[in-house]
Amino acid sequence: MKRRVVIIGGGVAGMQTALRLHAAGIGSVILEKDSATGGKLRDWHKLFPTFTPASEVLDPLRRAVGAAGIEVRTGAEVVGLDGRGAVLADGTRIDGDAVVVATGFTLFDARIKEEYGYGIYDNVLTSADVERMLNEGTLSMKNGDRPRRIAFLHCVGSRDEKVCQRHCSRVCCVTGVKQAMELKERFPEADVFNFYMDIRMFGSGYEEMYREAQVRHNVHFVRGRISEAAPTIDGRIQIKAEDTLTGRPLRMSVDMLILLVGMRANDDNRRLADSASLTLAPSGFVQPADPFLHSVESGAEGIFCVGTVTAPKNVGETLAEAAAAADAVADYLKNR
Amino acid sequence: MAAINWGYGISKPRAIDIDRNNLRRSDEILHEMPELQSCIGCGSCTAVCTAGNLTEFNFRKVHTLVRRGEYEGAYELMNRCMLCGKCRLVCPRGINTRGVVMLIKRKLGDF
Amino acid sequence: MNRRNWTDYQKEIADDRYYYARSCIRQNFFPGSERAFLNILHDDLGRDVLDDPLHTSCTGIGYHSDIVPLETIMTVVARQFSLMNDAGYENFISSCITSFGVYTEILSTWEEFPETEERTRENLFKATGREFRKPKSLAHTSDIVFHFRERIAELAQRRLVNVETGEPLRVVEHIGCHYAKIFPKSGIGGSEFPYVLAGMIESWGGECVDYPERRHCCGFGFRNYLVQANRGYSIANSHKKLESMAPYKPDFIVANCPGCAMFLDKWQYAIAEMEGTTYGQGGRGIPVLTYEEMAGLVLGYDPWELGMQMHQVDVEPLLDKMGVAYDPAAKYLGRNGKFIGQPDTAVVNCCDAIYDIKQ
Amino acid sequence: MSFFAPFCLPFMAGAVVMFALLLVKWSTWFCGMPRADKMAVLRGLPTRKTLAAVWEVVSESLLHRRIFRINPVLGYMHASLAFGWFLLIAVGWVETVACLGLRYVPLQGHVFYKYFAATESLPHLAVFDQAMDFLLLVVLSGVALAWGKRFCSRMMGMRRTTKHVPGDRVALSALWFVFPTRLVAESITAALYGGGGFLTGGLGGVMEEYLSPLLLARLFEPVWWVYSLSLGVFFAALPFSRYMHIFTEVPLIFLRRYGVRAGDKESSGDRFRTDACSRCGICIDPCQLQSVLGIDDVQSVYFLRDRRYKMLEMKVANNCLMCGRCEAKCPVGIDLNTLRRNSRDTMRNIPDERRYDYFAGVDRSSGEGRVGYFAGCMTMLTPRTLTAMERIFAAAGEQVWWADRSGGVCCGRPLKLSGETDSARRMMDYNAGLFRKHGIATIVTSCPICLRTFREEYDLPGIEVIHHSEYIMRLIRSGRIKVGRGEEKFTYHDPCELGRGAGIYDEPREVIESLGVLVEPHSTRENSLCCGSSLANTVISDAQQLRIAEGLAAELDATGASTVVTACPLCKKAVSCAASAPVKDLSEVVAERL
């Protein structure tokens, strides 16, 4: 009997799960709410720590999905699910033998931290904007000038009680280092300052990158969080922070302020969780059955979760987890 | 100007104003010793400091201020250092801290 | 600049029948402003506003200087509400930013900790035999002017425009810390990008200047000014703001809070004496207006009737720019035509003193 | 007989210039020396020191005994050139006397005797012809070796040869020409006029046979010109080149014999030292900065060169471990470390009387006893040494005054090594005062750096300064502590400051041998390697320090010992990072076996 797994989300997690299931002889259908697969990675320029173009990860996955003949439904927003399928916004029900939730994450909306002036001042960007602009080749100040001084602010919408995002998004630190290096390479004459609370370089090769940014690219790391941004008369942005290492307030004007926005849980995690009695962590991410032996099982029968729907992860971790999820699904289908 | 005794003046701003600070010497110091940029402010150097044991001398703070272009008083503070080298033995980033002391003194003392 | 955020912070503002609470600083230093507000509301806009002689200071200065305890100020505030109830009004408006902050804070405290409201009721009853109902709406008087800004624009005799060049006047607005920094939702436009004065300036043809230290405190800071040992810190804050706004060459400053208007005005003189720096065009200082004065000028009031001779920094250059007709000889004449006295000429009033002029 | 020909002029001019310059230089240097040093020279003159100096001049300046000891080929090269040339001059003198009897002959008459003998038909004796030819051959062999050294230094057993300044190149080129042209000139003279020994005569015979007499006659005068010119250029360039050492080593030997050494401050007397360096390059090979890290522009030879020509840069002066390996091998016996230190002093010493005012009233010492223990800053970071010493003191029943267990003032040597001599003095005065105040008879320290400073710089009347290795040895000898001897194999690393610095080699060895079996590493005692963490070097990075330590650790590991023992906290830290065997301080291994 041909088994079919419903995979919600067509990002790298969903596609990789589908491919691994296909390799195990199990069919699947990918439900993607956007018009194309690829998720957030579509707008990403290069991946840390190797500076691999995102397309080099995404394109092979997409090609393989096409070659395997895996069914992909785009524009399919899921509003409810259970262990035997999912319900779309238009009321259609997609049935299957198991469900994999791979709905990913939402980027923190930097406008909420209005003191940083995102959406207000032209040259305040988010890390996602920088990736998009690097892809388009349009990275510059709004008026087309080359920035002479750039500030990065770490932990925007992460580890911040005030915006109810207490968790660490893990990948923003290294993204900040990566983008600082990319900007320094693009604008060698610019001074780059990274304002941080802690630098968390957890992955292999990340710490080396950090040191390279410091020593080779002369990126300044200031341990202090920017408290506010304001415009100056010549259209620059004045920022204020405390330089905690000297215990004194610090201010400077910059041409470009880049906010390293964190990963937050999708708003509709709650609705999906309620429809299928999944557990959500306090952070709003889906909580797996346990973090060790059942890290890809949701705890609800027939429902699996993979990728950043459960916690902030990088692409490599997500791809590896997808293989684990496919394995767990295959196991589940065999024993049922 | 009218000589009025106000009993107070305009307090100096405490902010490190990088727009106003001249970073030239700081840049020179970092150019000669780029590894200083890799300081993560862990404070180990200050914790073991022989001079810091006897005075409020804080090596981490002084070199950080110098990197921000705040040179005033840094030379005198660095002069409290005995150059004994304990800090170098504990620095997790492998910074040549004695070299840093000597470099900062040389750059700020113009010799 | 994208001003979308300004629309995120809006509040309900009553349309008529206001109970007016005066400001200690404003009635002492800018008495013409409070008079003008009442006149504008009554005569120009035809609204009912009660200026009740029975009400007192809110004691906010004492409260913020750690002299008046919380229980006391709550009881004083409760008495104002009781007076309002007696007069048959429900919409409480305050002329002072600090009072507004105090009323907002106390109403919110009563909301969060109902037992404090109960205790206040007991205290008020014990002290005065009075009872009170909380107001239906609470607003700052600038909120009211903001509310009627388009109507005022229709009635305007002149606009915030340089009559010689036709360019809009460049206006620095200062909102006052207690207006929205304590409860951002209580101020129009919130605390980061407050819109209450900016809205008036835009409606009346001026151009609002956004400068780095826009959100910074004027320097009053209660204990920072009131204790002489801290006063250098007070003036340093005004200094920082003035240094930051000077490159934008503002035509004038408009302040929301009576204290801010006073400090931004008078510290300009002190700074000139202390370090020889004068701001503004021609080294004559940057005139500091209250929003009532600004509205009064727009509506065609006589500047001396608005009390603008009380300013430290001379307003004549601004009046000339706006094309306001005035009688220089009448500047120091009171309402009855009697000479009210004239201050010595200070550096900010005199253009022949040589100072380091920052424009 | 005038003994003059026009070609003599370049030689005569060169000789006059050289002697005049030497006289001027030496007298200015001598006059500029501190008064105490000059007095020492005057007092030493009529003593046996003078005789000893004369003998040393012969054995070192002429025979180069020390170089022979280090490297026989290199020794022969130097001796053949120096002693050979000396004999050529001396025997030449005897030759003129023998031929002409005792009469005045001007300098050029001696030098160019072969020319005048031929052209003016003066007598010549065959025995001298042969002897002079033999000496010329010896010198030429030295020149040939020097050529060989230039092109292939390994042939001399040296990995590296020195790099020269332009002045050297002129003198060197002239020197290389002197003897070949002399050979050619004397050979042509022999060909035309006869005479000459086995070499010049032989070569002359060959010329006579194969070259036309007309050509030889035409070449005769020019060749003597070239020879004279070579000599003249060499002499004139000599005071500006490294060949200055030929003469300067002589006064240096006398100064040293009279007890005049380099000091904390630069003095004009140091010129006798810098200019006595022959730039032989022997100091390059032992330098671990060179052998491990490939840094090849900071060694003593380059330091002295840069200092002499006033182009010394701080990063060259500062980039030295001051391990003393080069000083131990220097054939001229120059005080290399002291000179480097006083250069640093010139560059960095900025007196500041108030600098360490915060020492006033500081006394964090504890305990009471006739024996004081000064752990030293670094020992604070090797707390096992500290606890081991505590156990040893307890076992010996010693009442101990702990000078710096809760923090103290640095001994001052690190600052002095960096050049801040006067400020370092403030630390030394503080600690000396502290020691005197507490009435101790002995001060024991675990840190060789402190030890050396206490001994050399501190004014401690009535207080004996000893290293903990000496102290432990005495305890064991006197039976105050008993240690169990086993069969465990130890190897011992000599810390630079303890071994070469303070001459303490045997005491730690004796202690180790009372505990187990001692196996020596390949480089040991005076030749021991530096761990790389030396406080004297403020230039190299941590990674470079580690590479030096790895080189040392490899030698120590190669002994197959189960424990590496050392007696310096810095060495211990450095070697522990690199060695596979456990690294322990001497006190630890003793305390473990109490």
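Letters A, B, ... are given to chains in the order of the sequence lines, protein chains preceding strands, and every chain is numbered from 1.
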>> Applying side chain to side chain donor-acceptor pair (under 3.5 Å) to D:Ser365 and D:Trp402, what does each step give before you reach the verdict?
In response: CA-CA 5 Å; D:Ser365 62; D:Trp402 299 83; over 6 Å; no
Of the backbone (N, CA, C, O) and the side chain (C-beta and beyond), which part of [X] lies under 4.5 Å from a heavy atom of chain B, both, or neither?
X        : answer
D:Ile540 : backbone
D:Val539 : backbone
D:Ser406 : backbone
D:Leu381 : side chain

>> Can you tell me which of B:Val101, B:Leu54, B:Thr55 forms the most heavy-atom pairs within a distance under 4.5 Å of chain D?
In response: B:Leu54
> Heavy atoms under 4.5 Å from chain B: which residues of residues 340-361 of chain D carry them?
Replying inline: D:Met347, D:Arg348, D:Ile350, D:Asp352, D:Arg355, D:Tyr356, D:Tyr358, D:Phe359
> Sequence neighbours excluded, which residues qualify as side-chain hydrogen bond (donor to acceptor under 3.5 Å, both in side chains) partners of D:Asp404?
Replying inline: none
> Does D:Arg436 use its side chain to pair, donor to acceptor, with the backbone of D:Leu460 at less than 3.5 Å?
Replying inline: no
>> Looking at every heavy atom in both D:Pro569 and D:Thr382, which two are closest together, and how far apart are they?
In response: CB-OG1, 3.7 Å
Under 4.0 Å between a Lys/Arg side-chain N and an Asp/Glu carboxylate O for [X] and [Y]?
X        : Y        : answer
B:Asp27  : B:Lys107 : no
D:Glu313 : D:Lys315 : yes
D:Lys416 : D:Glu420 : no
D:Lys572 : D:Glu588 : yes

> Going through the distances and angles, do D:Tyr373 and D:Ser446 end up as a side chain to side chain donor-acceptor pair (under 3.5 Å)?
Replying inline: CA-CA 8 Å; D:Tyr373 177 69; D:Ser446 295; 2.3 Å; yes
> What part of B:Val90 gets closer than 4.5 Å to chain D, counting heavy atoms only: side chain, backbone, both or neither?
Replying inline: side chain
